[in-house]
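Shown next, in structure tokens, is the structure this report addresses.
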Protein chains: 2
Amino acid sequence: MKGKATSFDIAHYAGVSQSTVSRALRNSPLVNEETRKKVHEIAKELNYKVDKNASNLRTQQSNTIALLLFEDPTKDDSQINPFFLAMLGSITRACANVGYDLLISFQQSSKDWHADYEDSHRADGIILLGYGDFIDYQEKLDKLMVQGTKFVCWGAKVEQSPRLSISCDNYHGGQLAAEHLINLKRTNCAFIGDASEHSPEFFARFNGFNDEFKKHGLEIDSRKIANAISTDDSGFHATKSLISNNIKFDALFAASDLIAIGAISALTQAGIKVPEDVAVIGFDDIPIASFTTPPLTTVHQNTSKAGEMLVTNLLRLIHEQDIEENLLIPELIIRASTR
Amino acid sequence: MKGKATSFDIAHYAGVSQSTVSRALRNSPLVNEETRKKVHEIAKELNYKVDKNASNLRTQQSNTIALLLFEDPTKDDSQINPFFLAMLGSITRACANVGYDLLISFQQSSKDWHADYEDSHRADGIILLGYGDFIDYQEKLDKLMVQGTKFVCWGAKVEQSPRLSISCDNYHGGQLAAEHLINLKRTNCAFIGDASEHSPEFFARFNGFNDEFKKHGLEIDSRKIANAISTDDSGFHATKSLISNNIKFDALFAASDLIAIGAISALTQAGIKVPEDVAVIGFDDIPIASFTTPPLTTVHQNTSKAGEMLVTNLLRLIHEQDIEENLLIPELIIRASTR
DNA sequence: AAATGACATGACACCGGTGTCAGAATGGGG
DNA sequence: CCCCATTCTGACACCGGTGTCATGTCATTT
């Protein structure tokens, strides 16, 4: 036998028509139990696998989801944010559980992104994953909406857009962090991240944090805010600049764990002790957070659940069903960096 | 217009036949410049995208590569080895560069793996990524070979199998690590990892290391070898058991960075100072290696290049061309953990 | 014995492209 | 003016399944 076996080959060997083979393989109740068995046997023998292209072409669906990852640019471009990697893992698993394949593509923020996976029938729907602002892409997202493309985003909800976003309750996460520091009486706090609408998630974290502080008559001094994108490198430099500007603080809230790791590195290098001199708290609870020195106190996002929510909600969208809950509840994980 | 536009729609508007549309869109030299332009214009207007299923079905190729990730089981299953994540990133990019899509699937070592991507015409070839031993899968890999499935593996070369493996020169990497420690006069060394054929990569690293030691009349004491799989957790516990067994050493070679991170954590907790009391050296150079405390000396594997090598060699396999170089040269990165 | 229905199967159109082949239109050379 | 080569286009089969409709068989009903 040259080439792969087709349903016609099976039909030939089984002495039935190709139609019957197709039905038998999909366990249609229309086909006789005996022939069904025979067909399955022969199929196994020939190592037959349904041709997905033919099948997808006919049924007009691909049983595939496309995942577009948007990344802040980093110096080494093979470096991916561990948080997204965790998400990627859970999304893959969630897809596998519902029998969907996953197509992956990394997007350069700058480049034109090829969201044509759905147009070209390669995927039934799209998951967009990235830190923060899809604002730059608003126009394109609107176009997707108009076209009727099924997609979900991870990230902060943008009010003016009707698209479906799944996200963590970042605001509440910020509150948790603030509450914890207040309990520790570490209220002279710095913030490393981006406290502007440009990074809706970071912004929400910051606002939750600061609002909680305000409830206690406190506030983050604006001079103690340093901008950073979500890389250890960026966190390192932002923290270093605070230190070199001789700004004093006894606590530091980092908008993400990677930033926190960079911050700890910068503090330690400057001879500032964590947590004795400065308590550090991060956000995300990436895998390595528990193995930093000292282990990092952080706000945990349940990535397993997040991946599941993204996938199931996208499927609901695809099947035109109503959406389930779409807010992930964060949880404070206390480790040595604030003790 | 309901549904997606097809080439027939374009043909209708352009007043030409569907065949011509197809040719025009693929920039066939057979079609007149003017009609080509017109067709392209209308296609853009209708937001037409070639249906991949139809196209793939006809051409019998998918322009897609499948990536199977084999993972050591971890407690939290959303946790992926950062090294593979880096690989994943570079593979994605390499695929994008050559116009291929990437299908991803995580495999549970235990479960039956669905390597039917190629059988079902979903992918033209497969990349297998995992730490160490595909030995457990040997039988299945042989079956793939027989079927003529195109695939490449990442990892140590297994002599008895003719399959194509791309890997880092782990042996040489081990030598580099040993050489470095010898220069530092830290020769009472422990090894955390798996020094058996069961993990060919770790084994090669260990052998390179130990052989280099032997050249200098030294050797790793077998009592100073502790088994660990490639997780920080596993490295932590392995190191802890050495410590609690009161085994003394002034250097530690970890088979991977994750193990090294766990080891540092265990050492620090036991009041053992890195690098003063024990110099620690890892392997992989994962992104966070430079942000541990202290930053980790490690053997760098160029993941960008590795991803490229995997993809280009797989493509050569698919197109029945000869294979290029397939060994990645490692490089020692010296940081504070051995200073 | 004829009619009715359940059950099982085959024939065939169809999904949306690609590739082959035949043929029309044009132009230059003899 | 005819012939032939060149350039462009259309008709059509084909990829390998899926779904619909028609057909055939047999047991059951009246």
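Below, read A as the first sequence line, B as the second, and so on, with proteins coming before strands; counting in each chain starts at 1.
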For [X] and [N], give me the distance from atom [atom1] to atom [atom2], rounded to whole Å.
X	N	atom1	atom2	result
A:Y48	D:dG17	OH	C1'	7 Å
B:H121	D:dC14	NE2	P	18 Å
B:D51	C:dC14	CG	C1'	13 Å
A:Q61	C:dG16	CD	P	14 Å
B:K52	C:dC15	NZ	C1'	17 Å
A:E34	C:dT9	CD	P	9 Å
A:L30	D:dT18	CG	P	14 Å
A:K38	C:dA8	NZ	P	15 Å

Legend entry - Exercise: identify the closest heavy-atom pair between A:R122 and A:T64: O-CB, 3.4 Å
Legend entry - Point-to-point distance, once rounded to the nearest 0.5 Å, from CD1 of B:I91 to CG of B:L69: 7.5 Å
Legend entry - Between A:H121 and B:D51: side-chain donor-acceptor atoms closer than 3.5 Å: yes
Legend entry - 5′-ward residue of the pair A:T35/B:V50 relative to DNA chain C: A:T35
Legend entry - First encountered from the 5' end of DNA chain D, between A:N53 and A:R26: A:N53
Should [X] be listed as having a side-chain N or O under 4.0 Å from OP1 or OP2 of [N]?
X	N	result
B:S19	D:dT9	no
A:R58	D:dG16	no
A:S55	D:dG17	no
A:S22	D:dT18	yes

Does a side-chain heavy-atom distance below 4.5 Å link [X] with [Y]?
X	Y	answer
A:K4	A:N47	no
A:I126	A:L68	yes
B:S165	B:W154	no

Given [options], the nucleotide with the shortest approach to the side chain of [X]:
X	options	result
B:L57	C:dA8, D:dC15, D:dT18	D:dC15
B:T6	C:dG16, C:dT9, D:dG16	C:dG16
B:S7	C:dG17, D:dG16, D:dG10	C:dG17
A:Q60	C:dG16, C:dT18, D:dG17	C:dG16
A:Q18	D:dG16, C:dG19, C:dC12	C:dC12
A:F8	C:dG10, C:dG17, D:dG17	D:dG17

Legend entry - Base D:dT9 paired with B:R36 side chain (donor-acceptor, <3.5 Å): no
Legend entry - Any donor-acceptor N/O pair under 3.5 Å between D:dG10 base and B:R23 side chain: yes
